[in-house]
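Just passing along the structure, written as structure tokens.
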Amino acid sequence: MVLRPGGMPRAVSCGRGVRERKMRVGFMKKMFGWLIRLCMVLALAGCSSGGGTTSAAKTAAATEVPAATEEPAATEAPAEQAASAGLTIDIGALSAEPEFIDWDQDGTAMQIIALKDSSGAVQLAYNTCQVCAGSPYAYFEYSDGVLMCMNCGNRFGLASVGKASGGCNPKPLAEYQVEGDAVVISEETLAQAASAFQNWKVFQ
């Protein structure tokens, strides 16, 4: 130990103080370091715990079976009224000018004359002459407001279509039904008139 004048070991005392301060500083650094590590560990533990919860929640959501929902009861479409077998004519498509509507009855070509009168009532007749039926030329063509038989040449006004019976008029079609906005002629009715069209427009 080195003595200074006065007998006080100043150098030794100063050296001890420095060492003590260094020890305290080192201890505090270690404590601070441990505290930092502890905080990091706690933070990591918290993140791990939170992540696990989120992952578990996602897994549960993914595996959760969706609640059964009742499917709406199927509504039945309104049943359409079955049209009678035969020829159906749209009334809305008719006018005061005659329409010539083709029909094939078991291989026999037939034709219907259809129009509406001034009151809107439907007029129907077969496009064959009551007298000339059987001739290939027993059919009518429309021109200048009248129908003319291509076999005998007689001419008839439209007012007689479906109404005049007998003579060289278009053969009346009296049996038909009005169903809503359509006229329906049954196949049975058409079959009964097929014989009048046996040679209709069959030109040799």
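Quantities reported herein were computed from a predicted structural model and do not represent experimental measurements.
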Under 4.5 Å between side-chain heavy atoms, counting indirect links through other Ile/Leu/Val/Met/Phe/Trp/Tyr residues: same cluster for Val146 and Val131 or not?
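No; tracing contacts between hydrophobic side chains, which count when under 4.5 Å, never links both residues.
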For residues 99-107, run the donor-acceptor check on the side chains, cut-off 3.5 Å, and write out each pair with its distance to 0.1 Å, sequence neighbours left out.
from: Asp102; atom 1: OD1; to: Gln111; atom 2: NE2; distance (Å): 2.8
from: Trp103; atom 1: NE1; to: Gln105; atom 2: OE1; distance (Å): 2.9
from: Asp104; atom 1: OD1; to: Gly107; atom 2: N; distance (Å): 2.8

Restricting to ring pair (Phe, Tyr, Trp, His ring centres under 6.0 Å), what partner residues turn up for Tyr137, sequence neighbours left out?
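By the ring pair (Phe, Tyr, Trp, His ring centres under 6.0 Å) rule, Tyr137 matches Phe203.
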Which pairs, with at least one residue in residues 147-162 and sequence neighbours excluded, count as a side chain to side chain donor-acceptor pair (under 3.5 Å)?
Ser135-Asn151
Could you tell me which residues satisfy side-chain contact (heavy atoms from CB on, under 4.5 Å) with Glu141, sequence neighbours excluded, listed by chain and number?
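With neighbours one apart ignored, the set is Tyr139, Met150.
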Decide whether Val122 and Leu87 are clustered together by the hydrophobic rule: side chain heavy atoms of Ile, Leu, Val, Met, Phe, Trp, Tyr closer than 4.5 Å, transitively.
yes
Any chance you could lay out the side chain to side chain contact (heavy atoms under 4.5 Å, CB included) test for Lys116 and Ile91, step after step, and finish with the verdict?
CA-CA 8 Å; Lys116 287 191 291 189; Ile91 296 176; 4.1 Å; yes
Rounded to the nearest 0.5 Å, what's the gap from CG on Asp117 to CG on Leu158? Could you check?
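Separation between the atoms: 10.5 Å.
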Within the 4.5 Å heavy-atom criterion, are Pro170 and Cys129 side-chain neighbours or not?
no
Mind checking the CG-CG spacing from Asn169 to Leu147? Nearest 0.5 Å is all I need.
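If I round to the nearest 0.5 Å, the distance is 10.0 Å.
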Shortest non-hydrogen contact between Thr108 and Ala194, atoms and distance:
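Heavy atoms of Thr108 and Ala194 come nearest at CG2-O, 3.8 Å.
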State, with a plain yes or no, whether a side-chain heavy atom of Leu173 is found less than 4.5 Å away from one of Ile185.
yes
Among all residues two or more places apart in sequence or in another chain, which pass the side-chain contact (heavy atoms from CB on, under 4.5 Å) test with Ser118?
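Partners of Ser118 under the side-chain contact (heavy atoms from CB on, under 4.5 Å) test: none.
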For residues Met148 and Gly153, report the shortest heavy-atom separation together with the two atoms involved.
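Scanning both residues, the minimum pair turns out to be CG-O, 3.6 Å.
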Side-chain contact, heavy-atom cut-off 4.5 Å: Leu115 with Ile113?
yes
List in chain and number order the residues that pass side-chain hydrogen bond (donor to acceptor under 3.5 Å, both in side chains) with Ser143, two or more places apart in sequence or in another chain; answer none if no residue qualifies.
none
Side chains of Tyr126 and Met110, heavy atoms from C-beta outward: is any pair under 4.5 Å?
yes
What I'd like to find out is whether the side chain of Phe156 reaches to under 4.5 Å of the side chain of Cys168, using heavy atoms alone.
yes
So, do Thr88 and Val183 sit near enough that their side-chain heavy atoms are less than 4.5 Å apart?
no
Residues in side-chain contact (heavy atoms from CB on, under 4.5 Å) contact with Gln192, at least two apart in sequence or another chain:
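In terms of side-chain contact (heavy atoms from CB on, under 4.5 Å), with neighbours along the sequence ignored, Gln192 is linked to Glu188.
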Please name all residues satisfying side-chain hydrogen bond (donor to acceptor under 3.5 Å, both in side chains) with Asn199, sequence neighbours left out, ordered by chain then number.
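Asn199 satisfies side-chain hydrogen bond (donor to acceptor under 3.5 Å, both in side chains) with no residue once adjacent residues are dropped.
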For Ala174, what residues pass the side-chain contact (heavy atoms from CB on, under 4.5 Å) criterion, not counting sequence neighbours?
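Ala174 satisfies side-chain contact (heavy atoms from CB on, under 4.5 Å) with no residue once adjacent residues are dropped.
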Minimal heavy-atom distance between Gly167 and Gln130, with the atoms involved, is O-CB, 3.2 Å
Show me the pairs that pass ring-ring contact (aromatic ring centres under 6.0 Å, His included) and involve residues 171-199, at least two apart or across chains.
Phe197-Trp200
Between OG of Ser186 and CD of Glu175, what distance do you get to the nearest 0.5 Å?
7.0 Å
With a 6.0 Å cut-off (strictly less than), is the heavy-atom count around CD of Gln198, excluding the residue itself, greater than 12?
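Yes - once you tally the heavy atoms of other residues, nucleotides and ligands closer than 6.0 Å, there are more than 12.
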Compare every heavy atom of Ala125 with every heavy atom of Val161, then report the nearest pair and how far apart it is.
CG1-CB, 3.7 Å
